[in-house]
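Per chain, numbering begins at 1; letters A, B, ... match sequence-line order.
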Amino acid sequence: MAVRLPELRLGRRRGPGIPRSGEARREERAAYLFLLPWLAGLVFFLAVPLAWSVWISLTDERLLKAGEFIGTANYERIFTADPSFSHSLGVTIRWIVFTTPLFMAAGLGLALLLNQRLPGMNIFRTLLYIPAVLSGVAVTILWAVLLNGEVGAVNTILRDLGISDPPQWFQEEAWALPAVAIMGLWGVGGGAVIFLAGLQNIPPHLYEAAQLDGAGPVARFRHITLPMLSPTLFFLLISAVIDALLIIGPLIVLAGRAGGGGPGDSLLFYMLYLYRMGFVRGELGYAAALAWILTIVGVVLVYLTFRLERRFVFYETE
Amino acid sequence: MVDVLAARRCVAGLLVLALLAGCGSRPGTVTPGPSSSGPVASGTPAPVTGTITVWTIAQGDEEVPLKAYEKAFEAANPGADVEIVVVPEEGYPPRMTTALQAGNPPDVALLEPDIAATMKAGRWVDLRPHLAAWGVDPADFNPGGLARGMIENDPSKGIYAIGDFLAGNVLVYNRELYADAGQELPPSDRSLTYQEYDATCRAVGRPDADPARAVYGCTVPDFGFLFSPVFGEGGRKAVGYMNSPAVVEAFEIGAALINDGYAPGSGLLDTIGESDLFAEGQIALTWTDFTEVEKYQENGIDFGMAPFYVIEGQPDYVDVFTAAWGTFRQAKNPAGGLAFIHFIATEAQRIRPTVTPDPPLSARVATEAGYGKDDPIKQQYLEVLGLAPPPSFIPPGVDAWDPAEVMRLLTIEGRTDAQAILDQMAAKSQVELDEAWRRWESLGT
């Protein structure tokens with residue numbers, strides 16, 4: 001005799017072959033109907049393109065010529081015969097290492113300032129957030145003019161301050177990347193607002209208790225603010241790493257539409273190189289292989305970041 | 001309650017549908033037929049109807065001539081609606097190639113050098129039989145301008161696009177500044193050598209640390225080095241040409257002019273262009289295209305024109321170009337596309353000089369219309385353009401050849417080893433050139 005097991009409220013069946021009521025089947029069909037647009041989107045706009053890109057990375061597919069299967073030749077070329085690959089990856093990794101702590105520290109510093117209870121603070125918060133909502137292309141062009149080596153406002157001020165030979169910024173190999181970082185610093189308002197939300201969620205009684213125990217501002221920051229803010233820090237770290245891997249918009253404006261890499265290829269980020277190979281050279285198969293390498297690098301970096309979570313991120317509910 | 005089996009069946013069904021969709025005919029694939037020329041018209045095309053999409057890059061003048069063509073074409077073809085789409089220049093090549101890949105190109109488009117490979121890949125209609133049927137002789141058109149619509153600048157391999165005007169990058173000089181310096185004017189019937197350019201620039205220029213007060217003797221545009229013979233043997237050799245002593249000396253001369261303050265640096269020119277500086281009377285000798293002439297005249301500049309400067313031993317040189325229009329084998333309105341190209345090759349040649357200062361691409365129409373008659377500036381312009389040599393061709397994709405980078409190293413980075421820089425660049429360019437030719441020759445019509 002078959003044993004009829006009760007069905008859990010969570011919808012988990014306890015065994016096969018147990019008949020469902022008509023209402024349950026109707027509910028199920030309705031659920032799938034509502035899910036269908038999202039599922040169709042997932043399949044047609046994500047799964048199929050991903051599968052297609054895996055396939056063409058194994059071919060010599062070009063924009064103007066159908067590809068033929070060439071196995072792992074694209075990947076072999078990347079690792080053995082393409083100096084621009086290692087160069088662009090190096091530029092991108094240097095960017096991540098250099099700017100991620102810089103932008104996060106700047107964002108946190110700004111948030112700490114914005115967290116003060118002073119008159120007009122809302123106006124400051126608005127003003128400092130505005131750069132984050134401006135068009136990236138407009139901002140890039142603005143900074144290209146400001147940092148113009150000969151007539152830009154920044155170098156004019158530097159010369160007035162007695163620096164006779166200021167950097168040529170976007171035209172000098174050693175200064176192009178720092179110039180892009182300066183441009184990025186202008187937009188830390190977005191991260192600062194997220195930090196601000198995190199700061200304002202820290203229970204004030206923790207600071208009161210610490211003050212009563214004689215903790216100074218530095219100790220309070222180190223033992224209360226940072227641990228309580230660690231989930232926000234972690235989220236922003238992951239976002240910053242992913243954003244840094246994918247940066248391309250300002251670089252196309254700065255380095256030129258042909259996927260040029262800036263002075264001495266100092267701005268040849270990985271995504272810019274990928275764009276050049278895919279859409280300027282038209283080598284779609286090769287660009288797809290580059291994209292999958294980037295995906296693997298991104299997964300590794302995010303995995304390493306999640307390893308840090310266990311050690312450095314404190315959740316209040318733990 | 002979720003039936004896991006039903007969920008799996010649903011997702012599997014979607015995947016099967018997706019795979020079936022993906023297994024359909026690959027968009028953008030064009031099987032070369034017996035002819036890539038489409039149906040051949042006889043005589044002037046009959047009036048056409050329907051929408052004709054025309055893609056162009058921004059022309060800087062709000063597309064005045066194109067709008068004039070639209071009006072005239074629609075008047076001659078009631079029922080036709082010309083839809084002009086202006087694409088930002090930076091985005092034009094990827095947008096065009098992806099439209100072709102998707103099998104969804106416009107009916108008519110500009111054939112820019114960046115997308116020359118699409119010609120080789122057989123996506124454009126070969127206009128030769130149509131031109132013959134229309135009674136249009138390609139020999140009437142300036143060969144330099146016509147080259148933009150040909151494969152490897154060779155008409156025997158097809159003519160895929162035709163331009164409506166002839167433009168050129170020529171040198172323009174300020175007569176007053178030359179008179180003040182007591183110097184002879186640059187000749188308009190031959191090209192100065194780099195050495196002569198250097199001498200005249202230093203004789204006329206008045207350097208000043210303040211860019212607002214400087215009078216520059218000349219400019220040294222990066223693209224000027226593109227006109228040097230850096231590729232030899234049919235465009236297949238870089239080593240020995242790109243790093244030849246003459247090319248090295250040319251770069252050294254150009255860098256010295258900038259470093260010594262006789263020519264403006266790229267930083268200044270990023271904010272104010274040569275034509276604006278020339279119109280302000282701050283440059284004695286620079287390059288221009290003819291669309292800026294009106295600005296010089298409005299500013300009261302007394303100017304003349306000359307061909308571009310060259311390396312010693314190189315023939316006289318003028319850079320000529322056009323906006324070349326073609327139609328596609330996959331056009332949705334092929335008859336409309338061809339009719340518009342016929343219009344460009346015929347009527348547009350007559351309309352163009354009436355709405356812009358440029359001469360038509362057809363030398364015959366220019367003569368018939370009396371272009372330049374009673375206008376010494378236009379006459380001199382035509383004389384200078386007449387010195388343009390047949391263009392040489394190299395396939396796209398030689399990114400290592402970068403004159404702007406050489407000049408940046410010699411000026412901003414302060415390096416003095418032009419020979420070493422060009423030796424390295426020539427070696428890298430040779431590798432890319434060999435690969436570029438291999439890729440180019442693998443594309444077939």
Answer with yes or no whether the side chains of B:Ser442 and A:Arg62 bring together a donor and an acceptor at under 3.5 Å.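 Yes, side-chain donor-acceptor contact under 3.5 Å.
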Do A:Glu76 and A:Thr72 have a side chain donor and acceptor closer than 3.5 Å?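 On atom types as modelled, these side chains qualify, holding a pair under 3.5 Å.
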Between [X] and chain B, with a heavy-atom cut-off of 4.5 Å, which part of the residue counts as in contact: side chain, backbone, both or neither?
X	answer
A:Glu173	both
A:Leu147	neither
A:Gln171	both

Which one of A:Leu177, A:Thr140, A:Leu254 satisfies the side chain to side chain contact (heavy atoms under 4.5 Å, CB included) criterion with A:Phe170?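 The option that passes is A:Leu254.
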Applying side chain to side chain contact (heavy atoms under 4.5 Å, CB included) between A:Leu284 and each of A:Lys65, A:Glu61, A:Met277, report the one that passes.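 For A:Leu284, the side chain to side chain contact (heavy atoms under 4.5 Å, CB included) check succeeds only for A:Glu61.
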Out of B:Gly397, B:Pro264, B:Pro211, which one racks up the most heavy-atom pairs below 4.5 Å with chain A?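 Top count of heavy-atom pairs under 4.5 Å with chain A: B:Gly397.
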Of all of B:Ala117, B:Pro94, B:Gly265, which one pairs up most often with chain A through heavy atoms under 4.5 Å apart?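 With the most close heavy-atom pairs to chain A, the winner is B:Gly265.
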Centroid-centroid distance, B:Phe393 to B:Trp440, less than 6.0 Å: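 Centroid separation for B:Phe393 and B:Trp440: below 6.0 Å.
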Which atoms of B:Leu268 come close to chain A, meaning under 4.5 Å heavy atom to heavy atom: side chain ones, backbone ones, both, or neither?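 Looking at B:Leu268, backbone and side chain both touch chain A.
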Over-ring placement of A:Arg281 relative to A:Tyr286, 6.0 Å and 45° cut-offs: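 Here A:Arg281 fails the 6.0 Å and 45° test against A:Tyr286.
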Most contacts with chain B, counted as non-hydrogen pairs under 4.5 angstrom, among A:Gly152, A:Gly149, A:Gly264, A:Ala31: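 Of the candidates given, the most pairs with chain B belong to A:Gly264.
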